[in-house]
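For ligands, and for the atoms within them, numbers begin at 1 and follow the listed sequence.
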Amino acid sequence: MARVNDSYLKLKAGYLFPEIGRRVKAFTDSNPDAKVIRLGIGDVTRPLVPAVLDAFHKAIDDLGTSEDFHGYGPEQGYKWLIDTIIEKSYKPLGVDLKTSEIFISDGSKCDTANILDIFDLSNRVAISDPVYPVYNDTNVMVGRTGEADEKGHYEGIVYMPCTEENNFSPALPKEKVDIIYLCFPNNPTGAVASKEVLKKWVDYALETDAVIFFDAAYEAFITEPGIPHSIYEIEGSKKCAIEFRSFSKTAGFTGVRCAFTVVPEALTARSESGRAVNLNPLWNRRQSTKFNGLSYPVQRAAQAVYSDEGWKQVQDVIDYYMENARIIREGLQSIGIICHGGVNSPYIWLKTPEGVSSWDFFDKLLIEANVVGTPGSGFGPAGEGYFRLSAFGDRDQIEEAVDRIKKNLG
Ligand SMILES: *Cc1c(COP(=O)(O)O)cnc(C)c1O
């Protein structure tokens, strides 16, 4: 009989969203007239913008002509998309990247998971708590950890708590680690990192020979000036950081799928014998072997995000979500709820009232205001006592939800 990958048996059953679904169903079954508003799931709701849609349509038509038909494309992505990204997204930040340093893919979820392929299992990994669960579970799947304890922390992973005390910005690990996951603006807490904070991490990684995995999925939601959009704005970072970016939240591509990963040519890690090895060719080899490139129409649609029209249209959608975030944040603050995030990220991370757990607050919000959010404890034990509301919704629904919360919880 074939053997399974036993590491999968260590995974805790997907608990958070099924449990939310179960509680919402139980409530709506017994209250069929309640109009439940869902501000729980981290998915966009606004349609693709016209410039993107036009490019998408045109590219599909191209495929129906013998002149512009496209078969297999480069596994790394088309040069015209990569060069557009460099020109429009990195140059304005003062960051120079080469075409060979960017790899187009179908998502940051898979990239943050797949990147583990090119790193040895002996690496010690540091992960924030609370966290985007993919970082944790993919390390379990590859076999880097022991069993989970009753809190859900796996043996072998170094957890970095993010709480009000450290302003949701993790402290440098006390023990030696080799790989550090950072996500700014953060999901779920909405926290951002200043240049000083990122510099602290880059200096630390350079000193200790660690690699930073920097997830910048929400960089487009930064509204305050001076906050870095890319880790490469920090000097020395090309020697220690891989950056993940996605069109999912930026341009509503959660269902279309397009993302990219930056692996600078200057970035190295050591081989078993202690030799410094460049990571860029390893990732290139991995992608060329296991990935066959993203579809031509999707890459054309992504390129259109950077056209003059597309950029403005995408920015309007982001502004719409960020206005939602302001309405939620200020509405909750007006009844004395302490809110974090929602300024440079589409998530509001609120503190539940004294003595009310994340799940108790979930029930209270559902029963009293018919609003669904996400319990902070679902993102890790340090999220206990917090609650996430998403600003990805329709304006009238957001306003209605905030009115109900003010009326019933105020
Ligand atoms: C949504 C999200 C992503 C994007 O994932 P895709 O696979 O590109 O859709 C990446 N990181 C975090 C933290 C996210 O919340």
Next item on the list: Check whether NZ of the Lys or CZ of the Arg Arg46 lies under 6.0 Å from the centre of the six-membered ring of Tyr320 and within 45 degrees of that ring's axis.
Entry: yes
Next item on the list: Give a yes or no on this: more than 12 heavy atoms of other residues, nucleotides or ligands lie within 6.0 Å of atom CZ of Phe17.
Entry: yes
Checklist line | ring pair (Phe, Tyr, Trp, His ring centres under 6.0 Å) partners for Tyr232, two or more places apart | finding: none
Note to self: Need the ligand 1 atom indices (1-based, order shown) with element for anything under 4.0 Å from a heavy-atom of Gly107.
What the structure shows: 7 (O), 8 (O)
Notebook entry, point to check: Got a sec, which residues hit ring pair (Phe, Tyr, Trp, His ring centres under 6.0 Å) with Tyr90, two or more places apart in sequence or on another chain?
Noted result: none
Next item on the list: Would you mind running through ligand 1 and noting each atom that sits below 4.0 Å from a heavy atom of Ala217?
Entry: 3 (C), 10 (C), 11 (N)
Next item on the list: Please confirm whether Ser248 comes within less than 3.5 Å of ligand 1 when only nitrogen or oxygen atoms on both sides are compared.
Entry: yes
Checklist line | For ligand 1, the portion of Tyr218 having any non-hydrogen atom under 4.0 Å away | finding: side chain
Item checked: Residue Ser246 vicinity, atoms of ligand 1 by number, heavy atom under 4.0 Å -> 4 (C), 6 (P), 8 (O)
Next item on the list: Would you tell me which option among Arg245, Lys249, Lys109, Arg257 has the nearest heavy-atom contact to atom 1 (C) of ligand 1?
Entry: Lys249
Checklist line | Among Asn187, Thr254, Asp215, closest by any non-hydrogen atom to atom 10 (C) of ligand 1 | finding: Asp215
Margin query: Keeping Thr223 on the side-chain end and Val343 on the backbone end, is there a donor-acceptor pair under 3.5 Å?
Written below: yes
Notebook entry, point to check: Between Tyr218 and Tyr347, does the ring centroid distance fall short of 6.0 Å?
Noted result: yes
